[in-house]
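Data block below; observations after.
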Amino acid sequence: MFTRRVAVVGTGYVGLTTGACLASLGHQVVCADIDTAKVERLRRGVVDIVEPGLAELVGEQVSAGRLSFVVGAAAAVADHTDGLDAEIVFLCLPTPMGVGGVADLRAVEAVVEETRELLAAGTVVVNKSTVPVGTAGRTAELLDRADVAVVSNPEFLREGSAVHDFLNPDRIVVGCDTAEAAERVAALYARLGAPTVLTDAASAELMKYAANCFLAMKLSYVNAMAELCERVGADIGDVTDGIGYDRRIGQAFLSPGPGWGGSCLPKDTHALLQVADAADFEFRLLRATIDTNTRQRQRIVDKVRAAVTGRRTGSLARVRLGLLGLTFKAGTDDLRDSPALAIAALLRQAGADLVGYDPALVPDPANPDKVAPGIVDGEVEGVPLVSDPVEAAQGAEALVVLTEWPVFRTLDWATMAGVMKQPVVVDTRNLLDPATLRRAGLTGIGLGRREA
Ligand code: UGA
């Protein structure tokens, strides 16, 4: 197997996973970040991101001499550990949602500016971040180097299983207008044996949005279907089970919830709407997907209101509620665009008195100074955090499960019920076993469930 010299710019969850996994495939990788303190920590093997297997892989690859860390993109592309320039440069940079849902490309542009004169002839620059269609072309223009190819190679990693997803991909997508450069990038992954789609850059860029927006649409559809189930006395679990056996639909991504969130799906759905608007295409299906998701949050608040007060219009003023789970999904400490926080904000607006428990946000006694991003003075967006689920239940008129942490299934629900003011659990993830709750003396209310 051949080894390539690879530079990865940006050590977020995509960049660090890409760097460590490419090193594990035998390549020689240098990862760069502008955050000097972070680079120092990474050199010592300290990984800040909660991502299963990542810290171990980073440690292993650093020890094996295949992975190193430097400050700044310039050092990564031109000052490789073995004194040779990088052959392939991955850009794994943030592309946050800017004004009006347009992706903000300033980080990508800054790195291009910083490195354009340093790249060796024949280097391939690969964009891994989710970027608007046309970015590869724009990057090539900014680079203005006929001897450097720009390739789009979107990532399809989920937070919480990024290492697994990288090493077990459903497919590799490589888009470039030069076949030779695309093949060089595809060859980096040859050992994974995944189906590879070689295409032009614009199609590769669009493919990423097409995938994420389809997933968002699937979830909005399921959440709407759960609501319909409640109205007609059907059960969403049985319905999704049944449709999931149809191979054209599949079982995955069919769990109703408080709405989809995180750093990708909300950003990408808005960005694709922008792309459609700019192309003078009214993408109604996508707009409805987003609207359904926004409405889902209000629907959860209405459910809580009805559960607590027994009335659709009852007041939540000064009602104490315990929120179980605040991260956007289980297996991560990421709070970005978390539906749980959006719902918490609506509940607070309605006057509720909130307290939150999340297993990923409990202070670590071994590392008391480490605070997850988003926590300020023991609060997340105004929701005080407690470090024990029973504390969240104390005096609560209802508990609201917002993140599907498996540990919630096996909580001591009888003890929880014992300290609550009113034994009600609104389970927005249909995570808990209704019979277990009943035995503990609790009324469980799920989404689209027959019992609801
Ligand atoms: C998503 C995609 O799944 C990845 O393929 C993609 O690479 C990534 O975005 C990205 O663009 O980088 P991620 O944001 O980590 O990954 O989260 P998902 O696992 O997709 O979950 C998104 C949201 O949907 C979460 O709020 C989750 O709770 C919700 N969800 C997911 C449900 O409500 N029900 C489900 O059945 C599945």
**OP:** Would you check, one step at a time, whether the test side-chain contact (heavy atoms from CB on, under 4.5 Å) holds for Leu16 with Val58?
**Re:** CA-CA 8 Å; Leu16 193 57; Val58 167; 4.1 Å; yes

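- Remark: Arg145 CZ is packed, more than 12 non-hydrogen atoms of other residues, nucleotides or ligands lying under 6.0 Å away.
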**OP:** Check step by step if salt bridge (Lys or Arg N to Asp or Glu O under 4.0 Å) holds for Lys303 and Glu230.
**Re:** CA-CA 12 Å; Lys303 226 176 207 309; Glu230 285 173 15; 3.0 Å; yes

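- Shown here is Arg43, whose CZ atom has more than 12 heavy atoms of other residues, nucleotides or ligands within 6.0 Å.
- In this structure the side chain of Cys21 reaches within 4.5 angstrom of the side chain of Val163, judged on heavy atoms.
- Lys329 places a side-chain N or O within 3.5 Å of a backbone atom of Glu159 that can act as its donor or acceptor partner.
- A side-chain donor-acceptor contact under 3.5 Å links Asp33 to the backbone of Thr11.
- With hydrogens and angles ignored, the 3.5 Å screen pairs no side-chain donor or acceptor of Glu87 with any backbone N or O of Val6.
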**OP:** Check the pair Met207 / Thr199 against side-chain contact (heavy atoms from CB on, under 4.5 Å), numbers first and verdict last.
**Re:** CA-CA 10 Å; Met207 212 177 294; Thr199 181; 4.0 Å; yes

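- Proximity of Leu323 to Leu347: side-chain heavy atoms (C-beta onward) are separated by under 4.5 Å at one or more points.
- For the residue pair Arg66 / Gln28, no side-chain donor-acceptor distance below 3.5 Å is found, with atom types taken as modelled.
- No side-chain donor-acceptor contact under 3.5 Å links Glu227 and Asn223.
- Thr403 places a side-chain N or O within donor-acceptor distance of the main-chain N or O of Thr327, the cut-off being under 3.5 Å.
- Asp268 places no side-chain N or O within 3.5 Å of a backbone atom of Asn212 that could act as its donor or acceptor partner.
- Counting heavy atoms from C-beta outward, Glu155 and Thr18 have side chains that stay 4.5 Å or more apart.
- Side-chain atoms of Thr294 and Asp291 include no donor-acceptor pair closer than 3.5 Å.
- Using a 4.5 Å heavy-atom threshold, the side chains of Glu109 and Leu142 count as touching.
- Ion pairing between a basic and an acidic side chain is recognised when a charged N comes within 4.0 Å of a carboxylate O; Arg449 and Asp235 show no such pairing.
- Relative ring orientation between Phe90 and Tyr189 is described as perpendicular, the plane-to-plane angle rising above 60° on a 0-90° scale split at 30° and 60°.
- A salt bridge between Glu381 and Arg348 is absent, with no side-chain N of the basic residue lying under 4.0 Å from a carboxylate O of the acidic one.
- The side chain to side chain contact (heavy atoms under 4.5 Å, CB included) test applied to Ile34 returns no partner, not counting sequence neighbours.
- Here CD1 of Ile49 is found 5.5 Å from NZ of Lys38. Values are rounded to the nearest 0.5 Å.
- One finds no salt bridge joining Glu404 and Arg409 here, because no Lys/Arg side-chain nitrogen approaches an Asp/Glu carboxylate oxygen to under 4.0 Å.
- With hydrogens and angles disregarded, a donor-acceptor distance shorter than 3.5 Å links the side chain of Asp358 to the backbone of Leu326.
- The residue from Leu432, Leu324, Val400 that alone fulfils the side chain to side chain contact (heavy atoms under 4.5 Å, CB included) condition with Val425 is Leu432.
- Annotation for Val174 and Val151: closest pair CG1-CG1, 3.4 Å, computed over non-hydrogen atoms.
- When the shell of 6.0 Å around CG of Asp246 is examined, it contains more than 12 heavy atoms from other residues, nucleotides or ligands.
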**OP:** Show your reasoning for whether side-chain contact (heavy atoms from CB on, under 4.5 Å) applies to Val197 and Ile172.
**Re:** CA-CA 6 Å; Val197 180; Ile172 303 287; over 6 Å; no

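- Put simply, the side chain of Tyr221 never gets that close to the backbone of Ala216: no donor and acceptor are under 3.5 Å apart.
- At a threshold of 4.0 Å, the pair Glu40-Arg44 does not count as salt-bridged, since none of the basic side-chain nitrogens sits closer than that to a carboxylate oxygen.
- Look at Arg287 and Asp277 and you find a salt bridge, because one of the NZ, NE, NH1 or NH2 atoms lies within 4.0 Å of a carboxylate O, short of that distance.
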Subject >> side-chain contact (heavy atoms from CB on, under 4.5 Å) between Phe69 and Val30, worked out >> reply: CA-CA 6 Å; Phe69 298 95; Val30 177; over 6 Å; no

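- Proximity of Phe328 to Arg336: side-chain heavy atoms (C-beta onward) are nowhere separated by under 4.5 Å.
- Counting only heavy atoms from C-beta outward, the side chains of Leu399 and Val426 never approach each other to under 4.5 Å.
- The closest side-chain heavy-atom distance from Trp260 to Ile290 is below 4.5 Å.
- Checking side-chain atoms of Thr332 against main-chain N and O of Asp334 turns up a donor-acceptor pair under 3.5 Å.
- A donor-acceptor pair under 3.5 Å is formed between the side chain of Ser63 and the backbone N or O of Gly59.
- Taking 4.5 Å as the limit, every side-chain heavy atom of Asp85 sits out of range of all side-chain heavy atoms of Val77.
- With Thr135 contributing its side chain and Val131 its backbone, the two residues share no donor-acceptor pair below 3.5 Å.
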